[in-house]
Amino acid sequence: MQASRARLFKEYKEVQREKSADPDIQLVCDDSNIFKWTALIKGPSETPFEGGVFQLAFSVPEQYPLQPPQVRFLTKIFHPNVHFKTGEICLDILKNAWSPAWTLQSVCRAIIALMAHPEPDSPLNCDSGNLLRSGDIRGYQSMARMYTRLAAMPKKG
């Protein structure tokens with residue numbers, strides 16, 4: 001547990017130092033628990049998520065960095081690799097392809113990349129995956145755009 005705390009403190013310091021270096025990611029550590037983090041990530045440009053800000057919840061295990069953090073979307077998102085109700089993310093680096101070289105920041109980068117390049121062949125959201133697999137890109141993009149507008153964009157007025 002000491003090693004995981006030390007690693008998380010190191011990552012916390014890096015996040016503080018590099019706040020302006022990556023404007024697409026804002027990582028915040030819980031004030032009372034270094035194993036709980038949240039992130040705000042910007043939807044990638046030229047995707048249906050552009051203009052949206054999505055909140056992620058990180059639950060870091062005591063065996064970190066030997067084990068991956070649990071990460072889920074708190075913001076609703078229409079994406080084949082994200083469970084619509086729970087926000088669970090299907091991403092290999094969060095499962096069997098994890099390496100201690102990954103940081104919470106790089107996990108956020110990988111999630112942004114997944115948003116831009118969905119994998120419809122291993123869907124957690126079957127509706128979304130089926131649209132892409134059947135070639136209905138327009139249908140997928142309009143649904144994803146609608147949910148981005150509803151859940152991830154600041155309300156005007």
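This structure is a prediction, so every number in the text was calculated from the model and none was measured. All values below come from the heavy atoms of this structure, side chains included, with hydrogens, waters and symmetry mates left out.
The same ILVMFWY cluster, assembled from side-chain heavy atoms under 4.5 Å apart, contains both I34 and V60. When the side chains of ILVMFWY residues are joined at heavy-atom separations under 4.5 Å, either directly or via intervening members, M143 and L114 end up in a single hydrophobic cluster. Taken together through direct or relayed side-chain contacts under 4.5 Å among Ile, Leu, Val, Met, Phe, Trp and Tyr, F73 and M146 form part of one hydrophobic cluster. L150 and F49 fall within a single hydrophobic cluster, where Ile, Leu, Val, Met, Phe, Trp and Tyr side chains are chained together by heavy-atom contacts under 4.5 Å. V82 and L40 end up in different hydrophobic clusters when Ile, Leu, Val, Met, Phe, Trp and Tyr side chains are linked at under 4.5 Å.
The local environment of NZ in K95 is crowded, with over 12 non-hydrogen atoms from other residues, nucleotides or ligands closer than 6.0 Å. Under a cut-off of 6.0 angstrom, the local environment of CD in Q63 is crowded, with over 12 non-hydrogen atoms contributed by other residues, nucleotides or ligands. The environment of CG in N33 is crowded: more than 12 heavy-atom neighbours from other residues, nucleotides or ligands sit within 6.0 Å. Within 6.0 Å of atom CD in Q16, more than 12 heavy atoms from other residues, nucleotides or ligands are found, so the atom counts as buried in its surroundings.
Of the candidates I25, I93, I112, V107 forms a side chain to side chain contact (heavy atoms under 4.5 Å, CB included) with just one, namely I93.
Taking 4.5 Å as the limit, every side-chain heavy atom of R72 sits out of range of all side-chain heavy atoms of L56. Using a 4.5 Å cut-off on side-chain heavy atoms (C-beta onward), P69 and L104 make contact. Using a 4.5 Å heavy-atom threshold, the side chains of R7 and T103 count as touching. Using a 4.5 Å cut-off on side-chain heavy atoms (C-beta onward), V71 and L94 make contact. Within the 4.5 Å cutoff, no side-chain heavy atoms of F58 are placed close to those of T38. Between D136 and L131 the shortest side-chain heavy-atom distance falls below 4.5 Å. In this structure the side chain of I111 reaches within 4.5 angstrom of the side chain of I41, judged on heavy atoms.
A donor-acceptor pair is defined here as one N or O able to donate and one able to accept, closer than 3.5 Å; such a pair exists between the side chain of T75 and the backbone of Q55. Between the side chain of R145 and the backbone N or O of P48 there is at least one donor-acceptor pair closer than 3.5 Å. Of the possible donor and acceptor atoms, none in the side chain of S106 sits under 3.5 Å from a partner among the backbone N and O of W102. Of the possible donor and acceptor atoms, one in the side chain of S142 sits under 3.5 Å from a partner among the backbone N and O of G139. Put simply, the side chain of N81 gets close to the backbone of E119: a donor and an acceptor are under 3.5 Å apart.
Side-chain contact check for S32 and D30: at least one donor-acceptor pair (N or O, by modelled atom type) lies under 3.5 Å.
In this structure, CD in Q70 is found 11.0 Å from CD1 in I89, a value given to the nearest 0.5 Å. Residue H79 holds its NE2 atom at 7.0 Å from CE of M115, rounded to the nearest 0.5 Å. The structure places CG of L132 at 8.5 Å from CD of Q141, a figure rounded to the nearest 0.5 Å. A distance of 12.5 Å separates OG of S128 from NE2 of H83, quoted to the nearest 0.5 Å. A distance of 10.5 Å separates CG of D24 from SG of C108, quoted to the nearest 0.5 Å. The OG1 atom of T86 sits 7.0 Å away from the CG atom of L124 when rounded to the nearest 0.5 Å.
Considering all non-hydrogen atoms of both residues, T148 and E50 come closest at CG2-O, 4.4 Å. Pairing each heavy atom of P118 with each of P80, the nearest pair is CB-CG, 3.5 Å.
W98 and Y64 have tilted rings, their planes meeting at an angle from 30° to 60° on a 0 to 90° scale. Aromatic ring pairs are classed by plane angle as parallel below 30°, tilted from 30° to 60° and perpendicular above 60°; the pair F78 and Y147 is parallel.
Both tests pass for K76 against the ring of F84: distance under 6.0 Å to the centre and angle within 45° of the axis.
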- Query: Run the side chain to side chain contact (heavy atoms under 4.5 Å, CB included) check on R109 and D22 step by step: do they pass?
  - Reply: CA-CA 10 Å; R109 272 268 139 243; D22 198 339; 2.8 Å; yes

- For S4 and F35, what are the C-alpha separation, side-chain angles and deciding distance, and is it a side chain to side chain contact (heavy atoms under 4.5 Å, CB included)? CA-CA 9 Å; S4 58; F35 295 101; 3.6 Å; yes

- Start with the C-alpha gap between L8 and W37, add the side-chain angles, then the distance that decides, and say whether side chain to side chain contact (heavy atoms under 4.5 Å, CB included) holds. CA-CA 10 Å; L8 287 167; W37 294 63; 3.9 Å; yes

